[in-house]
Amino acid sequence: MSEATKTLLGRRAVLTGLGVLAATPAMPAVIRGLGDTRSIRMFSSRTGDWVDTVYWVEGTYILEALNAVSYLMRDWREDRIEPISPATIDIIAQTWAMLRTDEPFEVVSGYRTPQTNAMLRRRSRAVARKSYHVLAMAADLTMKSRTARQISRAAKSLQAGGVGTYSRAEFVHVDSGPLRDWGR
């Protein structure tokens with residue numbers, strides 16, 4: 001990804017985080033309806049990036065918002081961005097909504113390159129060899145105001161994808177893969 005694109009995505013992520021949606025040709029018509037919407041609120045303490053945006057309106061995903069989420073959830077070790085699965089974003093957003101809080105999710109880990117995943121596997125047996133993080137379909141999330149078990153219960157209630165509870169480390173893994181759960 002070019003430096004210009006990174007700058008643009010970073011600027012858009014900041015504007016989105018401030019509640020300002022940058023205009024695109026399709027955006028005004030989509031915003032006018034503003035009926036059924038989905039929003040997401042999260043940050044990365046590792047990079048300082050924030051996203052607080054509506055990413056779906058009346059059945060249409062907003063590409064700019066999805067790009068901002070993907071940028072925030074990039075592999076910061078390798079500075080690589082992959083488009084995060086919209087299904088994963090939906091799971092994160094629905095879990096957040098169920099927790100009934102204004103506090104954003106902190107993203108502990110989003111997309112990982114195969115190299116980053118291999119390095120993390122060498123450090124911990126808890127890292128899967130065929131991780132959904134490498135497919136840009138997973139996120140590890142935490143919140144100060146909610147326990148890992150509270151986040152996990154909300155995510156599991158959706159019956160969508162995988163949910164791993166890591167109570168000792170105080171984070172929850174969610175992904176848009178097959179329905180399954182693990183951990184305590």
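Nothing fancy with the numbering, it's 1 onward along the sequence.
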Quiz item: Between Asn67 and Leu63, is any pair of side-chain heavy atoms under 4.5 Å apart?
Solution: yes

Exercise. Could you grab the distance from atom CG of Leu135 to atom CD of Glu82, nearest 0.5 Å is fine?
Key: 10.0 Å

Quiz item: Does the distance from a Lys or Arg side-chain N to an Asp or Glu carboxylate O, for Arg153 and Asp181, drop under 4.0 Å?
Solution: no

Quiz item: So do Val69 and Tyr55 actually touch side chain to side chain, heavy atoms under 4.5 Å?
Solution: no

Self-check item: Heavy-atom closest pair, residues Leu179 and Ala160
Solution: CD1-N, 3.8 Å

Practice problem: Compute whether any side-chain donor of one residue and acceptor of the other, for Ser109 and Arg112, lie under 3.5 angstrom apart. | Solution: yes

Self-check item: Ile62, Thr37, Asp36 screened by side chain to side chain contact (heavy atoms under 4.5 Å, CB included) with Trp56, the one that passes
Solution: Asp36

Exercise. Return the minimal non-hydrogen interatomic distance between Pro104 and Trp50, and the atom names on each side.
Key: CG-CZ3, 3.3 Å

Quiz item: Is the shortest side-chain N to carboxylate O distance from Asp52 to Arg41 below 4.0 Å?
Solution: yes

Quiz item: Ignoring hydrogens and geometry, is there a side-chain-to-backbone donor-acceptor pair from Arg180 to Pro178 under 3.5 Å?
Solution: yes

Practice problem: In plain terms, say whether Glu170 and Arg168 are close enough for a salt bridge, that is, a side-chain N and a carboxylate O under 4.0 Å apart. | Solution: no

Practice problem: Kindly give the heavy-atom pair with the smallest separation between Val134 and Pro114, and that separation in Å. | Solution: CG1-CG, 4.0 Å

Quiz item: Do the non-hydrogen side-chain atoms of Val172 and Arg149 ever get within less than 4.5 Å of each other?
Solution: no

Quiz prompt | Approximate separation, where rounding is to 0.5 Å, of Arg46 CZ and Trp76 CH2 | solution = 5.0 Å

Quiz item: Say you draw a straight line from CZ of Phe43 to CD of Glu103; how long is it, rounded to the nearest 0.5 Å?
Solution: 7.0 Å

Quiz item: Should Lys156 and Thr165 count as side-chain neighbours, where that means a heavy-atom distance under 4.5 Å?
Solution: yes

Practice problem: Verify side chain to side chain contact (heavy atoms under 4.5 Å, CB included) between Leu158 and Gln94, making sure each step is shown before the conclusion. | Solution: CA-CA 8 Å; Leu158 300 173; Gln94 290 171 15; 3.7 Å; yes

Self-check item: Parallel, tilted or perpendicular: ring planes of His173 versus His133, cut at 30 and 60 degrees
Solution: perpendicular

Quiz item: Any idea which heavy atoms bring Met137 and Ser85 closest together, and the distance?
Solution: CG-CB, 4.0 Å

Exercise. Could you check if a side-chain atom of Ser176 sits within less than 4.5 angstrom of a side-chain atom of Ile91, using non-hydrogen atoms only?
Key: yes

Quiz prompt | Fellow cluster residues of Phe171, listed by chain then number, with links counted only when side-chain atoms sit under 4.5 Å apart | solution = Val108, Tyr166, Trp182

Quiz item: Side-chain donor-acceptor pair under 3.5 Å between Thr116 and Asp75, yes or no?
Solution: yes

Practice problem: Might you point out which heavy atoms bring Ile81 and Ser70 nearest each other, and give the distance in Å? | Solution: CG2-O, 3.8 Å

Self-check item: Heavy-atom check, side chain of Gln150 versus side chain of Met143, under 4.5 Å
Solution: no

Quiz item: Does CZ belonging to Arg121 count more than 12 external heavy atoms closer than 6.0 Å?
Solution: yes

Practice problem: Assess whether side chain to side chain donor-acceptor pair (under 3.5 Å) is satisfied between Asp90 and Tyr61, documenting all intermediate values. | Solution: CA-CA 10 Å; Asp90 286 339; Tyr61 287 99; 2.6 Å; yes

Exercise. Take Thr142 and Glu106 through the side chain to side chain donor-acceptor pair (under 3.5 Å) test and state the conclusion after the steps.
Key: CA-CA 5 Å; Thr142 190; Glu106 178 180 350; 5.7 Å; no

Quiz prompt | Minimum heavy-atom distance between Leu66 and Pro86, given as atom pair plus value | solution = CD1-CG, 4.4 Å

Quiz item: If you measure from CZ on Phe105 to CD1 on Ile92, what distance do you get to the nearest 0.5 Å?
Solution: 7.5 Å

Quiz item: Tell me, do Ser39 and Trp96 make a side-chain contact under 4.5 Å, heavy atoms counted?
Solution: yes

Quiz prompt | OG on Ser44 to CZ on Arg74, rounded to 0.5 Å | solution = 7.0 Å

Quiz prompt | Atom pair CG/OG1 of Asp175 and Thr88 - distance to nearest 0.5 Å | solution = 6.5 Å

Self-check item: Working for side chain to side chain contact (heavy atoms under 4.5 Å, CB included), residues Ile151 and Leu99
Solution: CA-CA 7 Å; Ile151 297 168; Leu99 294 169; 3.9 Å; yes

